[in-house]
Trainee: 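Handing you this structure, nothing more for now.
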Amino acid sequence: MDAIRILGGVPLTGEIVIGGAKNAALPLMAASILTGEPLTLINMPELVDISTMSNLLRQHGARIDQSALAPGSSEAGPTGRSMTLTADRITNVTAPYDLVRRMRAGFFVLGPLLARMGEAKVSLPGGCAIGTRGVDLHLMALEMLGAKITVKEGYVYASVAGGRLKGAKVTFPKVTVGGTENLLMAAALADGDTILENAAREPEISNLADCLNAMGAEVTGIGSGTLHVRGKKTLHGARVAVIPDRIETGTYAMAAAITRGRIVLKGTQIELLESVFNALRQAGVSIEPTADGVIVAAENGLRGIDVITEPFPGFPTDLQAQWMALMATASGASMITETIFENRFMHVPELRRFGVDVNVHGASAIVRGPAKMSGAPVMATDLRASSSLILGGLAAEGETVVNRIYHLDRGYERLEEKLGACGARIERIVGA
Ligand code: UD1
């Protein structure tokens, strides 16, 4: 298994191009199942999760062509990569355990398969070990659209009498990003209208809703907590850009801050994570928006700031672990409260290995800084925890080895290269 070695203590300076958002690209790829015509996605990230989703869709019968275009051109987006998915023939409605266990987003094929084919058999998902992460709300919502669902032997068996889902009013008892996405895709190809209340408002949901509209669906209320979907008999092909990755943006903004450096983040949008930039500003980090991104710079004298993770537009849970690493270098106390997942402090014991003073009380962690951090061997436990350990390693004096980094490759593209270009002394140890 690969590891990453870092010699920390270097202020990072330079430029990083932000990739397309993993969490937007994955449901957009699943949406290709809704039509027999080609769906072209531009500004695609290159990540293990994207390959896993490609493999999943291929075994359902989709054809996938990838091409490299000139990065930065209007045709290509900042990443320069596009992908065309054509699901003209669905040859198999089973999403097997071996693929869905690697990545929770594999479960996104359930709604589209059911809506297009009238049946689906999808393994219960895996993904990061950050809580129980049920799929009961996905299933509840699809049942309200007329699906008959049974769960046995680790699989969800779903079918609908007459082969067509029917629009309905669905109120989620809890905000769920994936649940909203699965239901949106199913409702786009259902008979009649669906009203979705307490829908998630994440930018990735808006990206999906815009894509469905480009495919001929009628989704309104985009960006709000109530979405209206007028279902269509068929949908057609489209060409859609993946939004910039706000979690990658936030992670590298914190890399600039934690090393007291200055990084120009290109190809991103500050509006995608205002809550995070507000917290950074309050902590004393300088944030300067540019035409296509933001410049993040910090000197000593950062202050501890409290944050609470919340559904969008609140502070994202996917940046909570990285924020904790940053707060270890700030003066004073910072209380970090996690409200989305019940088991998302697994980075705490690992951060302590750098000399960070952090205590957990229920759903809150208190960090008391500034810590004099020193490098240490640490173990990555989930995707975003991995990046907080990378940040810790960048800030700590001496050598850090982050072990078990396979989660990192699921969500961060060429991380060593991007940080290395800003002066970080960082390398991958293959097969460590
Ligand atoms: C998505 C993101 C993930 C992010 C999370 C919250 C993708 C691929 N992943 O995950 O990076 O951390 O949103 O912003 O986009 N829940 C249930 N039952 C359900 C569904 C969810 O109890 O059927 C619970 C979950 O356990 C969790 C909470 O609801 O406690 C929110 O989960 P949800 O918004 O669904 O997260 P994901 O879509 O899995």
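Side chains are part of it too, since the values below use all heavy atoms of this structure and drop only hydrogens, waters and symmetry mates. In each ligand, atom 1 is the first atom listed, and ligand 1 is the first ligand listed.
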Trainee: Measure L139 to ligand 1 on non-hydrogen atoms and call it side chain, backbone, both or neither using the 4.0 Å cut-off.
Mentor: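 Neither; no heavy atom under 4.0 Å.
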Trainee: Output yes when the distance from some N or O of ligand 1 to some N or O of G179 is under 3.5 Å, and no in every other case.
Mentor: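 For ligand 1, there is no N or O atom that lies under 3.5 Å from one belonging to G179.
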Trainee: So is K418 actually on top of Y252's ring, under 6.0 Å and inside 45° of the axis?
Mentor: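 Verdict for Y252: no cation-pi partner in K418.
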Trainee: Side chain, backbone, both or neither: which part of D136 has a heavy atom under 4.0 Å from ligand 1?
Mentor: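 Both backbone and side chain.
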Trainee: Under 3.5 Å, N or O to N or O, is L137 touching ligand 1 that way?
Mentor: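 Yes; at least one N/O pair falls below 3.5 Å.
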Trainee: Using a heavy-atom cut-off of under 4.0 Å, does the side chain or the backbone of K174 touch ligand 1, or both, or neither?
Mentor: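 K174 to ligand 1: side-chain contact only, backbone stays beyond 4.0 Å.
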Trainee: Taking distance alone, with N or O pairs closer than 3.5 Å, would you say N23 contacts ligand 1?
Mentor: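 Between N23 and ligand 1, an N or O pair is found under 3.5 Å apart.
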Trainee: For ligand 1, note which part of R104 has a heavy atom under 4.0 Å away: side chain, backbone, both or neither.
Mentor: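 Side chain only; the backbone of R104 stays clear of ligand 1.
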Trainee: What part of M53, side chain, backbone, both or neither, has a heavy atom within less than 4.0 angstrom of ligand 1?
Mentor: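 For M53, no heavy atom sits under 4.0 Å from ligand 1.
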Trainee: Could a heavy atom of R344 be found less than 4.0 Å from some atom of ligand 1?
Mentor: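 Under 4.0 Å: yes for R344.
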Trainee: For atom 21 (C) of ligand 1, which of G134, P311, A25 has the closest heavy atom?
Mentor: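 Residue with the shortest heavy-atom distance to the ligand atom: G134.
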Trainee: Can you tell me which portion of T317 lies within the under-4.0 Å heavy-atom range of ligand 1? Options are side chain, backbone, both, or neither.
Mentor: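 The part of T317 near ligand 1 is the side chain, not the backbone.
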Trainee: So is there a nitrogen or oxygen of T176 less than 3.5 Å from a nitrogen or oxygen in ligand 1?
Mentor: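 Yes, there is a polar N/O contact under 3.5 Å.
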